[in-house]
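For reference, the structure discussed in these notes is given below.
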Amino acid sequence: MVECVTDMAQAAMCRNSIAAAHLKVISIFTIFVTSVMGVSMPVMLARYFQGKSLYDIAILVIKCFAAGVILATSLVHVLPDAFAALFDCQVASQHPWKDFPFAGLVTLGGVLLALLVDTVASSHVEHTHYTPVETEEKEGGGGSLSIELVSGGGGGEVERVEELTRLKQKLVSQVLEIGIIFHSVIIGVTMGMSQNICSIRPLVAALAFHQIFEGLGLGGCIAQAGFSFGTTAYMCFMFSVTTPMGIILGMVLFSVTGYDDNNPKALIMEGLLGSVSSGILIYMALVDLIAVDFFHNKLMNSNLWLKKLSFLALTLGSASMSILALWA
């Protein structure tokens, strides 16, 4: 049996509902502003470089930095928090949580879920926009059968491939935002329910930087996807308000129910949701971002120096997000 040992005097000193509420109000505005800054920066840079000779290179480097941020978010921030929640002494002392590493299992489920969504959506996009049509070509009395891809917009094979690539990038950005929103809601609700000023105070600054880097990651993918202005603004807005809305929701839940964020049921929910979002983010970072750019991007494969620059951007993105784990 796992025994839970806590410093009651320290816990009592840190628990202050009024001071916690003031810190949370400050954090709502701070996190919203930093989220807007982070997610809009890559989008504005992409608009600035658009039409210039360095546009494709700038977008690729931004996307590699973004992939590093997202990968570090999943492996260094979300997954350890999920394991910590499910291995908390209040949870790990109960069946079935002490019998099996459920955080790893649910993370695996998140990876498979992301793969399923990616596969089904990609197949739907291809079948919707490109229909195989059999055409018969007769030459000198003989016949030969050929398959043509018919697109609603017409154009050559290169245009078809480029359009499919853009549609795929849009799909990746949307699934990625879903995974990040899961993560942001968990962070916000957890902070909103907490009354521990000793943990909230450093979180305000740390989460501000966290949202900047995570916003850079999502913004880089949105910029490359080439959405319309309205869709881009909507996706940026949703990312920016998710964590502040989560904090407000957590405050409301605590005021209505008095539900403690250290309650075993709250820890189990936090651990399970965190594991799912971690699995989604791991899949998106490795499969749809890093693998696509480093192994299937013609621009990078034709320039060794660009591949080195992209790897450096990936490393910097990973390092930047990993360092924040010291505080949040």
Side-chain angles (χ1 to χ4, degrees), residues 35 38-46 49 54-80 107 110-111 113-115 117-118 121-122 165-184 209-227 232 235-236 239 277-325:
S35 298
V39 76
S40 61
M41 241 186 293
V43 175
M44 290 189 294
L45 283 173
F49 282 108
L54 294 177
Y55 176 74
D56 291 334
I57 294 176
I59 286 292
L60 181 59
V61 172
I62 290 172
K63 188 181 175 186
C64 289
F65 182 88
V69 168
I70 293 163
L71 186 60
T73 298
S74 59
L75 292 175
V76 183
H77 290 261
V78 187
L79 188 57
T107 300
V111 172
L113 176 64
L115 173 61
V117 172
D118 201 5
S122 298
T165 302
R166 283 194 295 271
L167 291 170
K168 175 69 174 176
Q169 288 168 349
K170 290 180 180 180
L171 174 65
V172 168
S173 301
Q174 290 166 340
V175 176
L176 180 62
E177 179 154 29
I178 291 171
I180 290 177
I181 283 176
F182 263 126
H183 169 48
S184 299
F209 286 101
H210 179 280
Q211 291 301 104
I212 288 177
F213 288 121
E214 200 168 65
L216 287 172
L218 179 61
C221 297
I222 293 174
Q224 192 183 39
F227 289 107
T232 299
M235 292 181 73
C236 293
F239 168 77
S277 61
S278 176
I280 293 173
L281 294 178
I282 289 171
Y283 174 87
M284 300 304 297
L286 290 175
V287 177
D288 284 331
L289 298 178
I290 296 174
V292 168
D293 282 333
F294 278 86
F295 298 105
H296 303 289
N297 192 303
K298 293 181 180 179
L299 180 63
M300 188 184 292
N301 291 334
S302 61
N303 295 282
L304 182 59
W305 66 269
L306 182 57
K307 182 169 286 191
K308 293 178 180 178
L309 180 61
S310 299
F311 184 80
L312 178 62
L314 176 68
T315 305
L316 287 175
S318 302
S320 301
M321 202 65 183
S322 298
I323 290 172
L324 287 179

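Here the structure is a predicted model, which means the values were calculated and not measured.
- Counting heavy atoms from C-beta on, the side chains of Cys221 and Met284 never come closer than 4.5 Å.
- The line from CD1 of Ile57 to CG of Leu309 is 8.5 Å long, rounded to the nearest 0.5 Å.
- A donor-acceptor pair under 3.5 Å is absent between the side-chain atoms of Ser318 and the main chain of Ala72, judged by distance alone.
- One finds the OG atom of Ser322 at 8.5 Å from the CG atom of Leu75 (value rounded to the nearest 0.5 Å).
- With Ile70 as the partner, the side-chain contact (heavy atoms from CB on, under 4.5 Å) test is satisfied by one option alone out of Ile290, Leu289, Leu286: Leu289.
- Residues meeting the side chain to side chain contact (heavy atoms under 4.5 Å, CB included) test with Leu115, sequence neighbours left out: Thr119, Tyr283.
- In this structure, NZ in Lys307 is found 10.5 Å from CG in Leu60, a value given to the nearest 0.5 Å.
- Side-chain N or O atoms of Ser278 include one that pairs as donor or acceptor with a backbone N or O of Ser74 at under 3.5 Å.
- In this structure, SG on Cys64 lies 8.0 Å from CG on Leu306, to the nearest 0.5 angstrom.
- A 4.5 Å side-chain heavy-atom check between Ser310 and Asp293 finds every atom pair outside the cut-off.
- The two residues Pro42 and Gly219 have their closest heavy-atom pair at CB-C, 3.5 Å.
- The two residues Val78 and Ser277 come nearest to each other via the heavy atoms CG1-OG, 3.4 Å.
- In this structure, the separation between OG on Ser40 and CG on Leu216 is 9.0 Å, given to the nearest 0.5 Å.
- Smallest separation of non-hydrogen atoms from Phe65 and Leu316: CE1-C, 3.9 Å.
- Among all heavy-atom pairs drawn from Gly110 and Ile280, the shortest one is O-CG1, 3.8 Å.
- Of all the heavy atoms in Phe227 and Ser173, the pair that sits closest is CE1-CB, 3.8 Å.
- Looking at heavy atoms from C-beta onward, Ile181 lies in side-chain contact with Glu177 at the 4.5 angstrom threshold.
- Side-chain atoms of Leu314 and Phe294, non-hydrogen and from C-beta on, do get closer than 4.5 Å to each other.
- Atoms OG1 and CD1, from Thr73 and Ile282 in turn, are 11.0 Å apart once rounded to the nearest 0.5 Å.
- Side-chain atoms of His77 never come within 3.5 Å of backbone atoms of Leu324 as a donor-acceptor pair (strictly under, hydrogens ignored).
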